[in-house]
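Contents: one structure, followed by commentary.
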Amino acid sequence: MKIQATTKDAHELMHQGVQALSKASIRGMHVDVKYCEKQHKYLNKKCDKLIKKFSKTKLGKRWSKTFLSVNWNSDQQLREVLFKKSGIKPVKRTKPSKGHPKGQASCDNESLELISKSYPELKPFMEYKKLAKVNNTFIAGILKEQVNGIIHPFFHLHIARTFRSSSSNINFHNQPNRDKKQRKIVRSSFKPAPGFGIMAADFSGIEVGTSCCYHKDKKMLHYVRHPEKNNMHTDMAVQCYLLDKFVKEGLEKTLRKGAKNGFVFPQFYGDYYKNNAASLASWGNLPTKGSFSKKDGEKLITGLSLGEHLIKKGIFDYDDFVDHIQEVEDDFWNNRFKGYRNWKKRNVREYYKKGYLKTLTGFTCSGEMSENDINNYPIQGAAFHKLLKTYIEVFRRLAHYKMKSFLIGQIHDELVFNYYPKEEDNVLEIVQEVACEWLPKQWKWINVPMVVEANVFDVDANWAQDSKVLELKAA
DNA sequence: GGAACTCGCCAC
DNA sequence: AAACGTGGCGAGTTCC
């Protein structure tokens with residue numbers, strides 16, 4: 001696989017991008033060293049306590065007896081204890097590799113979660129693993145990289161095969177966000193320069209929007225251009241779970257998330273209905289084998305449980321549900337988004353004919369690619385390039401107007417600033433102007449509105465504290 | 001004592 | 001027929 005900037009525009013994007021991003025690395029971002037050190041000690045203590053608790057249980061004792069030198073961080077030892085000494089049946093296996101052609105019995109969190117239903121004593125151990133990850137990877141990482149309270153994460157443009165960026169030392173791209181507890185612990189470490197505030201500007205639905213620039217699918221364009229009329233993820237939740245109506249509060253909101261993260265996005269990346277069904281079931285609190293019952297799933301707004309509701313619709317067990325999701329998949333590509341499907345077919349055909357692909361942003365991908373790769377790379381790359389071009393221009397304008405506010409980095413579809421309080425509105429205005437109006441003028445192939453969600457944190461507040469949210473759109 | 005591999009998990 | 005895209009990194013393990 002090889003990818004090259006084959007237009008002047010693409011070349012300039014890389015050169016200017018490298019310069020703008022390195023300036024952020026050089027300037028760096030402030031971290032709260034005292035907080036990190038305190039948190040590090042506290043988490044170590046907490047981890048010790050959890051392990052002490054676990055080591056007194058049956059499984060814990062068995063582990064100690066089995067090995068001369070116990071290592072609570074060794075998955076190999078855990079495997080031995082669970083699957084050999086205790087006779088527990090593995091939930092799934094790891095990917096086949098050189099050393100293990102059939103894969104090994106997996107002991108990831110998903111497996112432990114299921115096993116813990118019969119062995120609740122595993123709970124403190126699972127908690128330990130979570131906290132150890134936060135402590136050793138994130139808090140320790142910051143302490144290791146900080147110099148005088150400032151870290152200097154790198155942003156690379158030459159690593160990702162899609163010409164996305166990557167980040168290292170520390171990796172600014174994977175700081176915990178979804179899990180509230182982890183987010184709080186880790187993001188509290190990041191603070192603005194004294195007297196400044198943190199601001200983050202997210203491009204909403206950038207990958208879906210960028211896919212539209214390629215396939216121009218009518219229905220998807222309608223969804224993206226008129227989100228207030230129809231909402232793709234809501235519609236898919238209704239279809240996947242056979243809802244009669246969708247209500248914004250309650251379980252339906254979770255089911256919408258399920259449809260988005262368990263069906264729509266995985267489908268875009270090339271996943272298929274069997275995996276989707278399992279994911280959708282777990283989002284809906286349904287069993288992934290056997291019959292559904294009244295007890296399954298939380299209550300819908302109608303008063304019925306989700307399990308009860310599905311039985312009423314003729315979905316009696318998990319296998320019925322899988323069949324149903326297969327039909328949803330079929331409808332998704334052959335009916336709802338057939339324009340997208342046709343583009344994928346054309347795209348693959350073109351690649352096999354010519355041996356390379358072109359992205360809308362002027363990059364050429366050649367070499368060996370799978371069909372999923374062929375349809376993903378151009379979208380993922382161009383989506384990031386929208387952010388990068390915006391980053392460069394915003395950077396240029398901040399300097400041009402001699403503003404104090406500055407960019408500290410980027411997270412794929414999100415610009416991150418330190419804003420100077422008096423310039424708050426100016427920064428928002430610049431982002432709005434550049435992202436929503438200037439960018440679509442530069443790249444005429446952009447056929448969907450650019451929408452930005454700005455998160456403005458209080459002055460001197462850290463990255464985990466409250467922020468106000470503003471939506472920026474073209475005037 | 002380090003390189004390479006494996007697994008797991010964090011982000012988009 | 002097969003079956004999820006892109007990264008970084010910690011920790012354990014294996015091999016040289």
Side-chain angles (χ1 to χ4, degrees), chain A residues 1 3 67 69-80 92-101 103-112 126 129-142 144-145 153-179 182-183 185-187 200 202-208 210-211 261-279 326 329 365 369-384 387 409-414 416:
Chain A
M1 230 301 296
I3 185 161
F67 298 98
S69 69
V70 175
N71 185 346
W72 304 108
N73 294 320
S74 164
D75 286 346
Q76 211 71 280
Q77 294 192 1
L78 177 59
R79 228 168 249 131
E80 178 86 12
K92 57 175 182 181
R93 304 195 71 78
T94 62
K95 266 195 187 151
S97 62
K98 262 191 211 163
H100 306 278
Q104 307 191 80
S106 169
C107 45
D108 64 2
N109 190 51
E110 191 196 332
S111 302
L112 297 185
M126 293 157 69
K129 276 197 139 184
K130 273 226 158 110
L131 289 183
K133 163 86 179 170
V134 165
N135 202 16
N136 299 332
T137 303
F138 297 107
I139 300 295
I142 291 168
K144 179 181 156 201
E145 293 296 334
F154 296 148
F155 298 98
H156 315 281
L157 292 180
H158 65 292
I159 301 284
R161 47 212 299 139
T162 56
F163 261 40
R164 235 193 189 189
S165 66
S166 72
S167 169
S168 66
N169 304 83
I170 63 168
N171 180 357
F172 189 58
H173 286 167
N174 74 343
Q175 301 303 311
N177 198 10
R178 290 169 205 174
D179 183 296
Q182 295 184 19
R183 178 195 158 95
I185 294 172
V186 176
R187 295 203 174 202
D202 268 71
F203 285 13
S204 312
I206 194 67
E207 287 208 4
V208 175
T210 304
S211 80
N261 298 317
F263 184 86
V264 178
F265 285 155
Q267 279 289 334
F268 288 161
Y269 287 139
D271 203 1
Y272 80 127
Y273 69 93
K274 276 196 183 173
N275 288 339
N276 299 149
S279 178
Q326 185 175 13
E329 179 189 74
C365 321
M369 285 183 266
S370 74
E371 293 204 4
N372 284 343
D373 293 342
I374 296 165
N375 293 322
N376 276 324
Y377 289 0
I379 296 169
Q380 190 174 101
F384 171 67
L387 188 283
Q410 140 281 129
I411 311 175
H412 304 303
D413 64 352
E414 178 179 352
V416 189

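No hydrogens, no waters, no symmetry mates; every other heavy atom, side chains included, goes into these values. Because the structure is a prediction, the values reported are computed rather than measured. Every chain is numbered from 1, with letters handed out A, B, ... down the list of sequences.
A:E207 comes within 4.0 angstrom of nothing in the nucleic acid, heavy atoms only. Using a 4.0 Å heavy-atom cutoff across all strands shown, A:K95 reaches sugar-phosphate atoms only and no base atom. Using a 4.0 Å heavy-atom criterion, one finds that A:I206 contacts no nucleic acid atom at all. Residue A:E414 is out of contact with every strand shown, counting any heavy-atom pair closer than 4.0 Å. Residue A:R79 is classed as a sugar-phosphate contact, given heavy-atom separations below 4.0 Å to backbone atoms only. A:K129 comes within 4.0 angstrom of no nucleic acid atom, judged by non-hydrogen atoms across all strands. At a threshold of 4.0 angstrom between heavy atoms, the contacts of A:G381 with the nucleic acid are absent. Residue contacts shown for A:S106 are limited to sugar-phosphate atoms, with no base heavy atom under 4.0 Å away. Among the atoms of the strands shown, only primed sugar atoms or phosphate atoms (P, OP1, OP2) are found under 4.0 Å from some heavy atom of A:N376.
Scored by the side-chain hydrogen bond (donor to acceptor under 3.5 Å, both in side chains) test, A:N71 finds no partners at all (sequence neighbours excluded).
Chain A approaches DNA chain B over the interval B:dT6 to B:dC12, counting the first and last nucleotide 5' to 3' with an atom under 4.0 Å from its heavy atoms.
Rounded to a whole Å, the CD atom of A:Q175 is 19 Å from the P atom of C:dG7. Here C:dC4 presents its P atom at 12 Å from CD of A:E329, a figure rounded to the nearest Å. Between the P atom of C:dC4 and the CD atom of A:Q267 lies a distance of 11 Å, rounded to the nearest Å. Distance CZ (A:F268) to P (C:dC4): 17 Å, rounded to an integer number of Å. Rounding to whole angstrom units, OH of residue A:Y272 and P of C:dA3 are separated by 8 Å. The distance between atom CD1 of A:I411 and atom P of C:dG8, rounded to the nearest whole Å, is 15 Å. In this structure, A:D413 places its CG atom 18 Å from P of C:dT6, rounding to the nearest Å. When the C1' atom of C:dG5 is taken as reference, atom CD1 of A:I379 falls 10 Å away, rounded to whole Å.
What you find for A:E207 and A:Y269 is that their closest heavy atoms are OE1-OH, 3.6 Å. When all heavy atoms of A:F172 and A:F155 are compared, the pair lying nearest together is CD2-CZ, 3.8 Å.
A:K144 places none of its side-chain heavy atoms less than 4.5 Å from the side chain of A:I170. A:M369 has its side chain out of reach of A:R161: every pair of non-hydrogen atoms, C-beta onward, lies at least 4.5 Å apart. For the pair A:K129 and A:D75, the minimum side-chain heavy-atom distance is below 4.5 Å. At a threshold of 4.5 Å between non-hydrogen side-chain atoms, the residues A:F138 and A:N174 count as touching.
No option in A:S166, A:S168, A:S165 other than A:S168 meets the side-chain hydrogen bond (donor to acceptor under 3.5 Å, both in side chains) test with A:H156.
A sub-4.0 Å separation between OP1 or OP2 of C:dT6 and a side-chain N or O of A:R161 is present. Put simply, A:Y377 has a side-chain N or O that comes within less than 4.0 Å of OP1 or OP2 on C:dT6.
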Reading 5' to 3' through nucleotides 10-16 of chain C, protein heavy-atom contacts under 4.0 Å coded B for base, S for sugar-phosphate only, - for none: SSSS---
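Residues A:S279 and A:N276 bring no donor and acceptor atom of their side chains to less than 3.5 Å of each other.
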What's the verdict on side-chain contact (heavy atoms from CB on, under 4.5 Å) for A:I411 and A:Q175, showing C-alpha distance, side-chain angles and the deciding distance? CA-CA 10 Å; A:I411 311 175; A:Q175 301 303 311; over 6 Å; no
